Visitor: 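Please read through the structure below; I'll follow up with questions.
Note that ligands are numbered from 1 as they come in the structure, with each ligand's atoms numbered from 1 the same way. Note that this is a predicted model, so its numbers are computed, not measured. Positions are given from 1 along the sequence. Any value given below was found using the heavy atoms of this structure, including those in side chains, with hydrogens, waters and symmetry copies removed.
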Amino acid sequence: MSYQGIIEKYRKHLPVSAATPVVSLKEGNTPLIPVPRLARWAGAPGLRLFVKYEGLNPTGSFKDRGMTMAISKALEEKSRAVVCASTGNTSASAAAYASRAGLRCVVLIPAGAIALGKLSQAVMHGAEVYSVAGNFDDALEMVKKVSATGKLTLVNSINPYRIEGQKTGAFEIVDDLSDAPDFQFMPVGNAGNITAYWKGYKEYSDLKKASRRPKMMGYQAEGAAPIVRGEPVKSPQTIATAIRIGNPASWKQAEAARDESGGRIDSVTDDEILSAYKALASQEGVFCEPASAASVAGLKKYAARDDAFARSAATVVCILTGHGLKDPDRAMAVMPAPKSVEPRADAILKELGL
Ligand code: AN7
């Protein structure tokens, strides 16, 4: 049978039963793309480097892996409505899967701080979208209170089914490479995804499907780096709006992933993020959103500080969590605008210097 999404593919590793009504958009099965030019760009040309292009999920981000689980379980548990706070991608995914399940979807977003592509998705899928004065962390606090009434099911990553679904990203990487990579680089916002990947790698190595576990390398934006600083950031700032989070819900689990794997959690500047964002698009043909590029920016930073790593032939995967089309405003802001030209062949050739 054709591919049916992560629940059918990894059913025996997930908390579902024959009674679970599976709500799927055939998420997952995303490509692991070799990117040798990017390895040279990062100053580590010998690496066996791949990007996992999660922007190719149905709503354009990795959130769909967790949302197929969270929405299916909400339906199984006879919930009528779901709620989330979001920097954008969670709301886009929740809205899409909820519409498919016939559930009401309520979304709280930080006012003025989410990329237009993501907002357009939530609106089109019929979510009830509220913009709250405050940041993501404030919105998440509200959502926790609202869902504590039992009238709405919370579908942020503190919902354990989200983590269960998202761990399948690790399964796919091991299945593709026939083992775990040596290192995995990824962005860290609310820290659900690093928690999920680590869980997936541990489960697969316990089942002997992988002979090793990767070092988990998480990257926050410098202006929104609570785990690196060791304290919540009251007013997080970064152009990578997806990870503009000052008090991650899965803070402890992210530290556990780092420590158990021998990895690290560090920060990258907005300039480093934008430089990686451009390199991916212009040298490898892979368009991701700025937050996703924090993984590749982190790789470059780490390679610059660890010579043995930079000279090695380690197998490395960078997770590109969301599609570049989510945030076209950022793309147009960092690149030159199209030039105008007279509609004549000679004028065009002259412009081209040909
Ligand atoms: C593209 O949508 O938190 O560390 O509300 O959209 O698991 O939070 C998004 C997070 C990385 C960070 N890359 O993942 C939301 C939200 C992209 C993201 C992250 C997000 P976590």
Visitor: Which of the numbered atoms in ligand 1 are below 4.0 angstrom from a heavy atom of Ile245?
Guide: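 Heavy-atom distances to Ile245 below 4.0 Å select 3 (O).
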Visitor: Would you kindly specify which portion of Ala242 sits under 4.0 Å from ligand 1, judged on non-hydrogen atoms: side chain, backbone, both or neither?
Guide: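 The answer is both, backbone and side chain.
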Visitor: Is there a polar contact, in the sense of an N or O pair closer than 3.5 Å, between Ser292 and ligand 1?
Guide: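 Looking only at distances, the answer is no, because the N/O contact criterion of under 3.5 Å is not met.
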Visitor: To check your reading of the model: name the closest protein heavy atom to atom 17 (C) of ligand 1, its residue, and the distance in Å.
Guide: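 Nearest protein contact, heavy atoms only, for atom 17 (C) of ligand 1 is Thr321 OG1, 3.3 Å.
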Visitor: Short N/O distance, under 3.5 Å, between Gly189 and ligand 1?
Guide: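 Such a contact does occur with ligand 1.
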Visitor: Does Ser157 come within less than 4.0 angstrom of ligand 1, counting non-hydrogen atoms of the residue?
Guide: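 Not so, Ser157 does not reach ligand 1.
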Visitor: Could you find the nearest protein heavy atom to atom 14 (O) of ligand 1 and give me its residue, atom name and distance?
Guide: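 Nearest protein contact, heavy atoms only, for atom 14 (O) of ligand 1 is Phe62 CZ, 3.5 Å.
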Visitor: Counting from 1, what ligand 1 atoms have a heavy atom of Glu289 closer than 4.0 Å?
Guide: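 By the 4.0 Å cutoff, the relevant atoms are 1 (C).
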Visitor: In the protein, what heavy atom is nearest to atom 5 (O) of ligand 1, and what distance, to one decimal place, separates them?
Guide: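 Of the protein heavy atoms, Thr87 N, 2.8 Å lies nearest.
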Visitor: Taking only heavy atoms of Gly192 into account, list the atoms of ligand 1 that are under 4.0 Å away from them.
Guide: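 Once the distances to Gly192 are compared, the set is 4 (O), 7 (O), 21 (P).
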Visitor: Would you check whether Gly88 reaches within less than 4.0 Å of ligand 1, judged by its heavy atoms?
Guide: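 Gly88 counts as a contact of ligand 1 under the 4.0 Å cut-off.
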Visitor: Check each atom of ligand 1 against the heavy atoms of Phe136 and keep those under 4.0 Å away; list them by number with element.
Guide: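 Selected atoms, number and element: 5 (O).
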Visitor: For ligand 1, does Lys118 get within less than 4.0 Å through its side chain, its backbone, both, or neither, judged by non-hydrogen atoms?
Guide: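 The answer is neither.
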Visitor: Return a yes/no value for Ser86: is any of its N or O atoms, backbone included, closer than 3.5 angstrom to an N or O of ligand 1?
Guide: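 Between Ser86 and ligand 1 (N or O atoms, distance only) the closest approach is under 3.5 Å.
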Visitor: Taking distance alone, with no angle check, do Ala291 and ligand 1 share an N/O pair under 3.5 Å?
Guide: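 In fact, backbone or side chain, Ala291 has no N or O that close.
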Visitor: May I ask you to decide if Ala331's main-chain N or O and Tyr277's side chain share a donor-acceptor pair within less than 3.5 Å?
Guide: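 Answer holds: yes.
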Visitor: Is it true that Lys63 lies under 4.0 Å from ligand 1, counting heavy atoms only?
Guide: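 Yes, Lys63 has a heavy atom closer than 4.0 Å to ligand 1.
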Visitor: Would you mind checking which non-hydrogen protein atom is closest to atom 6 (O) of ligand 1, with the distance to 0.1 Å?
Guide: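 Of every protein heavy atom, Asn89 ND2, 2.7 Å lies nearest to atom 6 (O) of ligand 1.
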Visitor: Which residue holds the protein heavy atom closest to atom 19 (C) of ligand 1, what is that atom called, and what is the gap in Å?
Guide: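 Going atom by atom, the protein heavy atom closest to atom 19 (C) of ligand 1 ends up being Ile243 CG2, 3.6 Å.
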Visitor: Note the single closest protein heavy atom to atom 2 (O) of ligand 1, along with its residue, its atom name and the distance in Å.
Guide: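 Result for atom 2 (O) of ligand 1: Thr90 N, 2.7 Å.
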Visitor: As an exercise, identify every atom of ligand 1 less than 4.0 angstrom from a heavy atom of Asn190.
Guide: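 Close to Asn190: 4 (O), 8 (O), 21 (P).
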Visitor: Which ligand 1 atoms are under 4.0 Å away from a heavy-atom of Val188?
Guide: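 Result: 4 (O).
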Visitor: Side chains of Pro226 and Pro248: closer than 4.5 Å at any heavy-atom pair?
Guide: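 A side-chain contact exists here, since the closest heavy-atom pair is under 4.5 Å.
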Visitor: Give the residue and atom name of whichever protein heavy atom lies nearest to atom 7 (O) of ligand 1, and the separation in Å to one decimal.
Guide: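 Result for atom 7 (O) of ligand 1: Asn193 N, 2.8 Å.
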Visitor: Please determine if Gln166 has a nitrogen or oxygen closer than 3.5 Å to a nitrogen or oxygen of ligand 1.
Guide: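 No - when backbone and side-chain N and O of Gln166 are compared with those of ligand 1, no distance drops under 3.5 Å.
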